[in-house]
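Below: the structure, in structure tokens.
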Amino acid sequence: MNRVRFAPSPTGHLHIGGARTALFNYLFAKKVGGTFILRIEDTDEDRSTAESVKSIYESMRWLDLAWDEGVMADGTEKGAYGPYVQSVREAQGIYRKYADQLIAEGKAYRCYCTPEELDEVRKKAALEKRPLTYGGRCRNLTEEQKKEFEAQGRKSVVRFRMPDAGYTGWHDLIHKDVKFENKLLTDFVMLKTSGYPTYNFACVVDDHLMEISHVIRGDDHISNTPLQICLYKALGWTMPEFAHLSMILGPDGTRLSKRHGATSVGEYHKQGYLSETMKNYLALLGWSNAESQQIFKKGELEEKFDLKGCQKSPAIFDPVKLDWMNGEYIRLLPKNEMLDLVMPYIKESGLDTSASKVPLIDIVALEQEKCKLLSELPGKIEFFFKDPVYNPEAVEKTLKAPEVPKILNGIKEAYAALPEFKEAPIEAATRAFAKANALKAGQVFHPVRVALSGRAEGPTLFRMIEYIGKEESLKRLDKALTLI
RNA sequence: GCCCCCUUCGUCUAGCGGUUAGGACGCUGCCCUUUCAAGGCAGAGAUCACGGGUUCGAAUCCCGUAGGGGGCGCCA
């Protein structure tokens, strides 16, 4: 049975990198018919917050990355391997039990070093230009020594006793064979003085207990993997397969961070990206199929995803390509879905569309194909609902020509005389006017557009005029004449 | 400093010993067009990081070097 997990630590919003990891785990599970598990790794007592958990759930839901096991949005747990929150598991003594077992077997030991003392060890190691391996100062304490430390009021952590010689390696599903020399690895902390487990320990215990078959995570965890493998061996457990995903970097080639703009999934949502875009784009960051396919229809990624297509080298996040892709997805949207999705942005813009006689869905559809972001739409259609803001450049360029007053007056008369103010008759009347006055079509169209909308670019002209309406159009033509 | 990982157009990538090194974003030009987009077509853009091997033949295999990234916490 294939079981994978996404195990975020709730110390902030879901980031792009985390979302990509979650997505790849999800896609892998879908592809092989496995189980996708969400586990909350809140063993950082200082930084974990309930709001972060909530925010992560929200982002996962927005991205439609449904998990089969774990804590559900309503707070209940689903699955037979729970609890799925590490702080809850800690309270049940799960980690302590295995730590005690390893201590009893001599594979782990209590260490009484203070943070200050460890600092000295690190400084010394740096000074002597040798790797920091902690050195196992407390590895072989006698009972008397332990009692003395305890009498001094020292607190202890539990450290894992690393093998002194040999190598620890594995066959990574993405990186192939990776190995580390044991003597260079440190006796890492398993339990903190607080009794809480550290990441490396909790992760192994839970992955084993939850019967995780494939650990798919960022390659910033490669150096943790040998430590974890040693733990699997010490506990006599079979280890899962490992697949380490390459990192996502910012446009300048450094690790993606706030300096590069939006980094959390929630921010992209707010800016007007579709969740389908995010999934598709993120999937292509470090993964591809043999056809270099760019756009994937709903459900297609789930079918085509394969760890074999994963890239070893880091990928730079390209906001320009993201925008292109979002435009592609927006154009694919049915009119009604577009309206639903863009509604929150219209509301937020403060645009009052209630007085319009034309259904909003039709006006939105007029500019849908031109949006790269949902948030751009309100600005594109606002002149339908309120007085146009005349763009000075457009006014200068197209309304200042000598023949314009004559044109706008003539068009006004022509429109006033129209019995039916619809796209086709408006176009006919406009073209007839141009012809009658020996003007090129464009010579008339452009000033009319600017006069009615205030700008040089916009929707298809005669439909636009129809939607503005007869009365309002005549009013705006008058207004425009005063600007010349 | 030590350890590990990585290296094909500006960017995301295909490639798995013999290709005119393919696609996508972006860029340039043309077409379409009332505008802006979209779309169509064409084009520029990669001596496959560099240096050695192996081989009849290397982007593809091996070894070095350089550059980039990650890790070296009682953070995950």
Side-chain angles (χ1 to χ4, degrees), chain A residues 7-11 41-48 111 113-115 118-119 122 125-134 155-159 172 175 178-181 184-186 188-200 202-203 217-226 244 246-247 249 251 253-255 281 284-295 309 311-318 320-325 327-328 331 367 369-372 380 394 398 427 430-431 434 440-446 448-450 453 455-462 464:
Chain A
S9 65
T11 55
E41 305 211 326
D42 58 346
T43 53
D44 185 331
E45 299 144 283
D46 299 327
R47 296 191 301 150
S48 297
C111 168
C113 294
T114 63
L118 291 172
D119 249 14
R122 279 185 207 108
L127 224 64
E128 292 169 8
K129 301 183 179 182
R130 57 177 178 74
L132 171 73
T133 54
Y134 163 70
K155 297 259 192 283
S156 65
V157 299
V158 176
R159 282 186 187 272
D172 195 276
H175 290 268
V178 184
K179 67 174 181 180
F180 289 77
E181 201 174 351
L184 265 16
L185 302 174
T186 187
F188 63 95
V189 173
M190 292 163 49
L191 293 185
K192 313 175 194 176
T193 50
S194 65
Y196 253 58
T198 59
Y199 163 74
N200 278 129
C203 176
R217 81 228 302 193
D219 71 13
D220 48 341
H221 285 299
I222 282 187
S223 49
N224 285 320
T225 307
H244 288 94
S246 60
M247 297 278 92
L249 308 178
T254 66
R255 201 179 186 156
Y281 182 72
L284 255 27
L285 234 38
W287 176 81
S288 65
N289 63 3
E291 292 80 49
S292 284
Q293 184 177 347
Q294 302 295 311
I295 303 287
Q311 200 73 13
K312 287 187 277 196
S313 50
I316 290 175
F317 187 90
D318 181 5
V320 178
K321 184 163 179 179
L322 211 218
D323 283 356
W324 162 77
M325 194 176 277
E328 292 287 310
R331 265 170 249 124
E367 290 290 83
E369 62 178 23
K370 292 178 201 166
C371 290
K372 282 195 152 75
K380 288 187 189 296
T398 63
E427 174 164 7
T430 311
R431 289 191 187 278
K440 279 185 280 184
Q443 269 182 293
V444 178
F445 295 171
H446 297 305
V448 169
R449 172 183 296 285
V450 174
S453 70
R455 52 184 84 169
E457 78 294 323
T460 182
L461 186 59
F462 306 107
M464 178 188 101

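In what follows, chains carry the letters A, B, and so on, assigned in the order in which the sequence lines appear, proteins first and then strands, with residues in each chain numbered from 1. Since this is a predicted model, take the numbers as computed values, not measurements.
If you take OG1 on A/Thr198 and CZ on A/Arg159, they are separated by 10.0 Å, rounding to the nearest 0.5 Å. Here the CG atom belonging to A/Leu191 is positioned 12.0 Å from the OH atom belonging to A/Tyr196, to the nearest 0.5 angstrom.
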Protein-nucleotides 33-35 of chain B N/O pairs closer than 3.5 Å?
| unit_1 | atom_1 | unit_2 | atom_2 | d |
| --- | --- | --- | --- | --- |
| B/U34 | O2' | A/His446 | ND1 | 3.3 |
| B/U34 | O2' | A/His446 | NE2 | 3.1 |
| B/U34 | O2 | A/Arg449 | NH2 | 2.8 |
| B/U34 | N3 | A/Leu461 | N | 3.2 |
| B/U34 | O4 | A/Thr460 | OG1 | 2.5 |
| B/U34 | O4 | A/Leu461 | N | 3.2 |
| B/U35 | O2' | A/Ala456 | O | 2.9 |
| B/U35 | O2 | A/Gly458 | N | 2.6 |
| B/U35 | O2 | A/Gly458 | O | 3.1 |
| B/U35 | N3 | A/Arg449 | NH2 | 3.3 |
| B/U35 | N3 | A/Gly458 | O | 2.7 |

What does the list of N/O pairs under 3.5 Å between the protein and nucleotides 65-71 of chain B look like, with a distance for each?
| unit_1 | atom_1 | unit_2 | atom_2 | d |
| --- | --- | --- | --- | --- |
| B/G71 | OP1 | A/Arg255 | NH1 | 3.0 |
| B/G71 | O4' | A/Ser223 | OG | 3.4 |
| B/G71 | O2' | A/Ser223 | OG | 2.7 |

Between protein and nucleic acid, restricted to nucleotides 43-51 of chain B and to nitrogen or oxygen atoms under 3.5 Å apart, what atom pairs and distances do you find?
none

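Residue A/Gly286 is classed as a sugar-phosphate contact, given heavy-atom separations below 4.0 Å to backbone atoms only.
Residues satisfying the ring pair (Phe, Tyr, Trp, His ring centres under 6.0 Å) test with A/His244, not counting sequence neighbours, are A/Trp170. Applying the side chain to side chain donor-acceptor pair (under 3.5 Å) rule to A/Glu369 yields no partners; only residues at least two apart in sequence or on another chain are considered. The salt bridge (Lys or Arg N to Asp or Glu O under 4.0 Å) test applied to A/Asp119 returns A/Arg122, not counting sequence neighbours. Under the rule for a salt bridge (Lys or Arg N to Asp or Glu O under 4.0 Å), the partners of A/Lys370 that lie at least two apart in sequence or sit in another chain are A/Glu367. Remark: A/Phe180 pairs with no residue by the ring pair (Phe, Tyr, Trp, His ring centres under 6.0 Å) rule, at least two apart or across chains. Listed by chain and number, the residues in a side chain to side chain contact (heavy atoms under 4.5 Å, CB included) with A/Asp318 are A/Tyr281, A/Val320, A/Lys321 (sequence neighbours excluded). For A/Asp220, the salt bridge (Lys or Arg N to Asp or Glu O under 4.0 Å) partners are A/Arg255, not counting sequence neighbours. Applying the salt bridge (Lys or Arg N to Asp or Glu O under 4.0 Å) rule to A/Asp44 yields the partners A/Arg47; only residues at least two apart in sequence or on another chain are considered.
Residue whose closest nucleotide on RNA chain B sits further toward the 5' end, between A/Leu285 and A/Cys371: A/Leu285. Nucleotides of RNA chain B nearest to A/Phe317 and A/Asp46 differ in position, and the one nearer the 5' end is that of A/Phe317.
Contact annotation: A/Lys179 side-chain N/O to B/C5 OP1/OP2 distance is not under 4.0 Å. Between B/A14 and A/Gln311, a contact under 4.0 Å exists linking OP1 or OP2 to a side-chain N or O. OP1 or OP2 of B/A14 has at least one side-chain nitrogen or oxygen of A/Ser288 nearer than 4.0 Å.
Separating the P atom of B/A37 from that of B/U28 is a span of 11 Å, rounded to the nearest Å. Taking atom C1' in both B/C30 and B/G68, one finds a spacing of 40 Å when rounded to whole Å. Across the P atoms, B/G64 and B/G22 are found 32 Å apart, a figure rounded to whole Å. The same atom, C1', is picked in B/C50 and in B/C16; the two are 22 Å apart, to the nearest Å. To the nearest whole angstrom, the two P atoms, one in B/U55 and one in B/U8, are 28 Å apart.
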Treating primed atoms plus P, OP1 and OP2 as sugar-phosphate and everything else as base, which nucleotides of nucleotides 18-32 of chain B get B, S or - for protein heavy atoms under 4.0 Å?
----BBBSS------

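Searching all strands for a Watson-Crick or G-U wobble partner of B/G39 with both distances below 3.5 Å returns B/C31. Judged by Watson-Crick or G-U wobble contacts below 3.5 Å, the nucleotide B/C2 has B/G71 as its partner. As the counterpart of B/C48, no nucleotide is assigned, since no Watson-Crick or G-U wobble pattern has both distances under 3.5 Å.
Within the 4.5 Å cutoff, no side-chain heavy atoms of A/Pro197 are placed close to those of A/Met190. In this structure the side chain of A/Pro10 reaches within 4.5 angstrom of the side chain of A/Ser48, judged on heavy atoms.
Taking the six-membered ring for Trp and the full ring otherwise, the centers of A/Phe462 and A/Phe445 sit less than 6.0 Å from each other.
Nearest to the side chain of A/Arg47, among B/C75, B/U7, B/U13, sits B/C75. Minimum atom distance to the side chain of A/Arg331 is reached by B/G39, of the listed B/A76, B/C74, B/G39.
Residue A/Met464 contributes atom CE, which lies 14 Å from atom P of B/C36 at whole-angstrom precision.
The residues A/Arg449 and A/Glu457 are annotated as not salt-bridged, no charged nitrogen and carboxylate oxygen being separated by less than 4.0 angstrom.
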